Amino acid sequence: MAEGCLVVAICQYGGEFTSGPNGNLIYKGGEAHAVDVTREMSLENFKDEVSKVFHVDVTDVSLKYFLPNNNRTLITISCDRDLQRMVDFTASSAQVDVFLISRVENRSIVTHTGASTARGDKRKRLTSKNKSSKNNKKTPSATGTAVQANANNVKQPRQVVTENDDNRAFQLEFGSDIAFAATSGAGSTAPDILNQQKLALVDNTPREPVGLFDDAVNPYVGSEITTEPTQGLNNPIVFWDDIIKGVGQEFDNVKDFRAQLCKYAIGKGFVYRFIKNETTRVTVKCVGEGCTWRLHASESSRNKKFVIKKMTDEHTCGGGSGEGQRRATRQWLTTVIKEKLHENPLFKPKDIVKEIYEEYGVTLTYSQVWRGREVAQKELYHAIRETYSHLPWYCERLLETNPGSIALLSPMVDTKFRRFFVAFHASLHGFTNGCRPLIFLDKVPLKATNEYKLLVAAGVDADDGVFPVAFNVVEDENYESWVWFLMQLRFALQNHSYPYHAMTFLSSGQKGLDAAVPQVFEESHHAFCLHHIMEEFKGELRKGPWSQQIRDGMVEDFTRAAQACSIEDFNASIESIRNISTEAADWIIASKPEHWSDAIFRGCRYDHFSSNIVDAFNNWIPTKKEGSIVLMIDSLRMKIMEVIEARRESCKSWSGPLTPSMEFKAQDEMSKAGKLTVLCSSETVFEVRGSAIYVVNLANWECTCRRWQLSGLPCMHAVAVFNRIGRSFYDYCSKLFRIESYDLTYSGTIFPIPDMDTIDFSAGANLIPPPKPRTSDKPRRKRFNPNKITTVIRLCSRCKQAGHNKATCEAIL
């Protein structure tokens with residue numbers, strides 16, 4: 001089709017279809033507008049034009065049209081390619097009728113990930129009775145242990161066949177024993193590697209486009225709906241009914257949100273459909289007629305995480321009790337099958353079908369499980385290949401080019417887990433020599449994969465800039481993975497003779513962190529992120545009857561309680577909240593204020609209340625490199641190398657003893673000290689009068705307001721004393737705020753790895769596992785029986801004799 005072809009789309013809206021005498025569909029009523037459509041126009045731009053001419057929101061409207069000379073079948077426009085096809089098909093007539101049909105009445109039911117099932121005309125895979133009964137028969141093969149969905153319950157790795165200390169043989173389901181040379185390693189699942197094409201359904205029933213095996217928009221349409229799966233402590237779904245907690249809950253990305261939503265629906269026993277299903281926003285509702293359950297989540301502009309914004313957690317259809325309908329998605333099924341293959345690599349599809357029904361209440365066909373098993377095998381093969389080939393090579397090259405660095409691959413040999421710890425020598429040297437004894441712990445959200453998690457430990461330099469210390473790739477974020485990460489971090493700090501006993505850690509306190517930090521760093525202080533607690537508090541306030549103004553006032557009191565330097569100020573803020581709501585004040589007291597309020601917290605966090613400082617790492621890793629652990633870690637290496645060099649150059653132009661950000665804070669304290677009165681008690685003790693009376697002790701670098709001790713910079717009361725006795729403010733500033741410390745932080749160098757481009761680390765994701773050779777006890781199938789007796793004698797049509805045909809006949813006639 002020539003580029004630039006123009007077709008006039010006659011868009012019609014507000015009418016209804018009626019059946020004609022010949023079975024044709026006739027559209028009556030409504031209004032019509034003409035819109036020009038070119039082959040280069042995107043579907044989004046076309047919807048914008050339609051929305052402007054009709055002055056309606058086309059978000060919940062389906063666009064359909066007829067093919068030339070066919071008024072019986074409506075074709076759906078769901079993507080840019082469908083719009084191009086419409087222009088191509090109707091180019092000869094130069095015009096086409098496009099109908100805007102409301103999805104509320106005419107769209108098909110989209111369950112879980114968006115596949116279509118028309119009301120009253122549900123598409124099912126046809127199965128014979130014999131096949132159904134065959135699938136229900138019990139098989140003698142071993143079955144895997146039920147997967148526990150509790151995030152804090154991590155199983156110990158299962159030992160596999162070991163040849164010797166340096167070469168381990170792994171029995172793969174899809175091939176023979178494959179030996180990988182590695183001194184240490186562990187395995188996990190690789191990211192999703194199938195890019196399936198979308199398949200549009202064209203039939204007499206209006207349906208939304210259904211993709212083939214697509215994890216974003218398609219469930220297993222052919223799966224049957226069952227009720228009441230087996231319940232018990234070994235059943236994973238008993239832990240899934242509280243995965244979705246409510247407004248404010250964060251997810252790494254939209255894929256993570258969809259996966260958790262699928263588990264939640266299976267655990268609760270209901271089916272949902274998508275109202276909006278995009279990469280930046282998702283809206284779902286229960287398919288029950290008139291049901292009020294609805295959920296909306298979107299990407300946060302602050303930290304790029306996926307956050308639940310609105311949720312109506314009440315089913316009026318009778319669902320949500322754990323006894324309703326259940327549907328499976330491809331992504332969910334692949335994850336479950338991989339768990340079962342870890343338990344028993346020789347699991348057969350028919351056995352998996354049976355176990356999924358018994359454990360989750362979802363009935364799948366043999367072909368669906370077989371396809372999911374193929375994907376799981378491919379991902380496991382890529383994980384093993386990367387763990388025992390690429391990662392050991394990268395560790396070796398990293399240690400060769402950057403002496404003093406630490407690159408540790410987990411020694412667990414089970415392919416289900418793999419943990420990779422990396423701490424560059426330049427990062428460890430910079431932290432131990434120039435940064436404050438404060439470490440932020442958090443998880444870096446990955447946008448393209450949920451197969452593994454990236455944990456990070458970061459410090460703060462003298463200019464309040466984030467400074468990466470160590471990274472860790474783990475199978476999941478839980479207590480065990482955090483303990484392993486912190487153990488390696490403590491070992492790295494010990495090698496640099498760092499006094500880690502007096503350190504302060506700042507984290508969310510969730511996913512096992514509240515127990516992991518004191519377990520590894522016994523004498524350290526652990527502060528909780530104020531942002532996470534504040535979001536939980538706001539969520540509790542939304543449940544109450546207060547107005548927005550009253551809620552904002554209580555949030556401000558909560559913030560003052562967190563920043564209060566004395567017990568009196570803390571109690572005053574809490575009492576202000578208690579005057580409005582006793583329940584809200586009790587909730588704050590129960591949230592462990594000793595971990596987030598300066599008045600009670602015994603550590604020093606230098607005016608840092610939130611762990612969101614690590615959000616700076618969100619854009620450090622390109623999305624296309626998240627599929628390989630090696631490429632992801634090497635992207636971090638290159639980014640840290642650039643940051644160190646850039647900051648080292650920028651500080652050369654600084655002047656003065658303090659860094660720019662610390663100098664700004666110092667000037668702010670100096671400006672407040674002009675109206676204070678100072679009374680001398682001794683050479684080192686002074687009384688400062690203003691709105692209250694405070695005592696400054698220069699010998700101990702202390703003030704009774706506690707601002708000096710908490711921030712590390714002299715407070716305004718100390719500044720008033722300096723002005724009185726003629727001493728310099730900078731003589732009483734911590735060395736951690738000086739330019740010399742900043743220079744030490746970025747004095748190290750991260751060296752490049754020159755031969756990184758010699759290996760294609762991402763190629764393994766698309767490799768097909770090697771076929772399993774036939775064993776000696778199973779002979780090759782003979783397609784032709786050599787003992788078969790020929791019963792038909794073929795004669796030559798020329799001489800009527802047997803043994804040859806007319807083309808080879810040599811008879812003389």
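It should be emphasised that the depicted structure is a prediction, and the values quoted were computed from it without experimental measurement. Scope of the values below: all heavy atoms of this structure, side chains included, with no hydrogens, waters or symmetry mates.
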- Item | F306 and V282, any side-chain heavy atoms less than 4.5 Å apart | yes

Under 3.5 Å, is there a donor-acceptor pair between the S507 and H526 side chains?
yes

With sequence neighbours left out, the residues meeting salt bridge (Lys or Arg N to Asp or Glu O under 4.0 Å) with D80 are none

Quiz item: Going by heavy atoms in the side chains, are L489 and V469 under 4.5 Å from each other?
Solution: yes

ask   = Can the ring centroids of F609 and H531 be said to lie less than 6.0 angstrom from one another?
value = no

Side-chain heavy-atom pair L408, W484 within 4.5 angstrom cut-off: yes

ask   = So do the side chains of S481 and K453 get within less than 4.5 Å of each other, counting heavy atoms only?
value = no

- Message: If we count only N and O atoms by modelled type, under 3.5 Å, do the side chains of T283 and H296 hold a donor and an acceptor together?
- Response: yes

Check: Taking C-beta and beyond as the side chain, do E314 and W293 meet within less than 4.5 Å on heavy atoms?
Finding: no

| Mind checking whether W587 and F537 have parallel, tilted or perpendicular rings, split at 30° and 60°? | tilted

| Considering only heavy atoms from C-beta outward, does the side chain of Y272 approach that of C262 to under 4.5 Å? | yes

Sequence neighbours excluded, the answer for side chain to side chain donor-acceptor pair (under 3.5 Å) partners of S591 is W596

Check your understanding: Are any non-hydrogen side-chain atoms of I244 and M311 less than 4.5 angstrom apart?
Key -> yes

The side chain to side chain donor-acceptor pair (under 3.5 Å) partners of R281 (sequence neighbours excluded) come to E278

